[in-house]
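Have a look at the structure below, then the notes.
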Amino acid sequence: MSVGTAPGKVILFGEHAVVYGRPAIAVPVHDRQATAWVRPTGHRQPGPPGSGILLQAEDLDRRYPLTAAPADDALALIVRLTLEALELPLSQNLAVTVRSAIPIASGLGSGAAVSAAAVRALAAHFGAQLTPHQVSELVYQTEVLHHGTPSGIDNTVVAFEQPVYFVKGQPPEPFRISRPFHLLIGDTGIPSPTKVAVADVRRGWEANRARYDALFDAIGQTTDEARQAIEMGDIAALGPLMDRNQALLREIEVSSPELERLILAAKGAGALGAKLSGAGRGGNMIALVTQATAERVAATVRRARAKDVIITCVG
Ligand code: PMV
């Protein structure tokens with residue numbers, strides 16, 4: 001049996017503006033992983049090519065042959081694309097099983113991670129080597145299925161498994177973190193389909209391009225300052241930059257009362273900065289904490305009704 005894994009991710013800076021060509025920074029969350037297994041099933045299945053490939057999504061309690069998958073099934077798509085990339089026929093007899101510890105539709109990149117894990121497990125099964133760039137390109141195509149017009153940041157960070165400075169259409173720049181820092185991720189428990197938030201922002205942009213472009217520019221500027229601070233190890237500068245990014249995200253109307261409640265709770269308990277992460281509306285809040293404040297902030301955020309709290313070290 002061959003195994004592939006991929007981490008979750010959070011967007012630290014620049015979500016939404018990244019769809020409009022501004023930079024964003026995303027980091028892997030190694031504490032939550034998606035895993036895929038590929039095992040040969042041995043016996044030949046009658047039927048068209050693909051009927052011998054059994055797909056199993058454990059979290060969704062689903063089990064089906066590739067040929068019976070609906071057209072918008074991401075697992076079937078990634079299996080097809082990976083076999084094609086490896087120049088292998090669909091007439092295989094194998095089972096692909098996926099499981100994810102990353103909450104779905106909460107901005108932690110679960111979809112991209114599951115796809116990346118499946119690509120890696122298949123490559124390992126066939127003894128093939130794929131570069132992070134190739135993994136990223138394959139996963140991007142499943143992101144299109146989930147998001148409509150994805151910037152490509154999720155597939156990039158889960159494929160490279162390191163912090164990435166990302167501008168749409170340009171080669172991603174994985175970069176080094178000179179001083180590790182701690183993030184607390186608080187889940188509102190409200191699923192937030194990225195597609196919906198991205199479409200709403202597009203409507204806002206279409207109605208008032210000058211205003212939205214100025215907001216996106218300000219977000220891009222904040223992201224660039226944050227990259228500098230991270231590279232210089234100036235962690236104290238990051239908190240106010242997260243607050244500034246959050247203020248701009250409020251202006252484009254992707255925050256929500258639930259996110260604001262968690263942000264207020266985190267900051268009240270000593271977080272150095274806090275913002276939504278990902279599409280917004282629901283999903284996750286991220287807060288900059290230290291080892292000394294992490295537990296206190298976690299307890300306060302839980303009391304503010306966070307459904308889940310993750311403390312992760314970046315770098
Ligand atoms: O909710 P997530 O983590 O999938 O992030 C969406 C990020 C957006 O910038 C809103 C969309 C995108 O494609 O980059």
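We count ligands from 1, going down the list as the structure has it; atoms in each ligand are counted the same way.
Set against the non-hydrogen atoms of H16, the atoms of ligand 1 under 4.0 Å away are 8 (C), 9 (O), 10 (C). Less than 4.0 angstrom separates some heavy atom of E15 from each of these atoms of ligand 1: 9 (O). Close contacts of ligand 1 with V18, meaning ligand atoms under 4.0 Å from a residue heavy atom, involve 9 (O), 14 (O). Within ligand 1, counting atoms from 1 as listed, the ones closer than 4.0 Å to a heavy atom of P150 are 13 (O). Within ligand 1, counting atoms from 1 as listed, the ones closer than 4.0 Å to a heavy atom of I11 are 5 (O), 7 (C).
Distances shorter than 4.0 angstrom occur between a heavy atom of K9 and an atom of ligand 1.
The heavy-atom pair separating I153 from A24 by the smallest distance is CD1-CB, 3.5 Å.
Every N/O-N/O distance between G278 and ligand 1 stays at or above 3.5 Å.
A distance of 9.0 Å separates CD of Q221 from OG1 of T223, quoted to the nearest 0.5 Å.
A salt bridge does not link R63 to E58: none of the charged nitrogens lies less than 4.0 Å from a carboxylate oxygen. Salt bridge D308/R32: present, at least one basic N to carboxylate O contact under 4.0 Å.
Here the shortest heavy-atom distance to atom 6 (C) of ligand 1, taken over V19, N155, T194, L276, belongs to T194.
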Exercise. Would you sort out whether N284 and S277 count as a side-chain hydrogen bond (donor to acceptor under 3.5 Å, both in side chains), showing the intermediate values?
Key: CA-CA 6 Å; N284 282 287; S277 175; over 6 Å; no
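By the criterion of a heavy-atom distance under 4.0 Å, neither the backbone nor the side chain of V201 is placed next to ligand 1.
Protein heavy atom closest to atom 13 (O) of ligand 1, with residue, atom name and distance, is S151 N, 2.9 Å. Given atom 1 (O) of ligand 1, the protein heavy atom at minimum distance is A279 N, 3.0 Å.
Between Q246 and E251, the side chains place no donor N or O within less than 3.5 Å of an acceptor N or O (distance only, hydrogens not considered).
By the 4.5 Å heavy-atom criterion applied to side chains, I219 and H16 are not counted as neighbours.
Note: Y20 and F216 have parallel aromatic rings, judged against thresholds of 30 and 60 degrees for the angle between ring planes.
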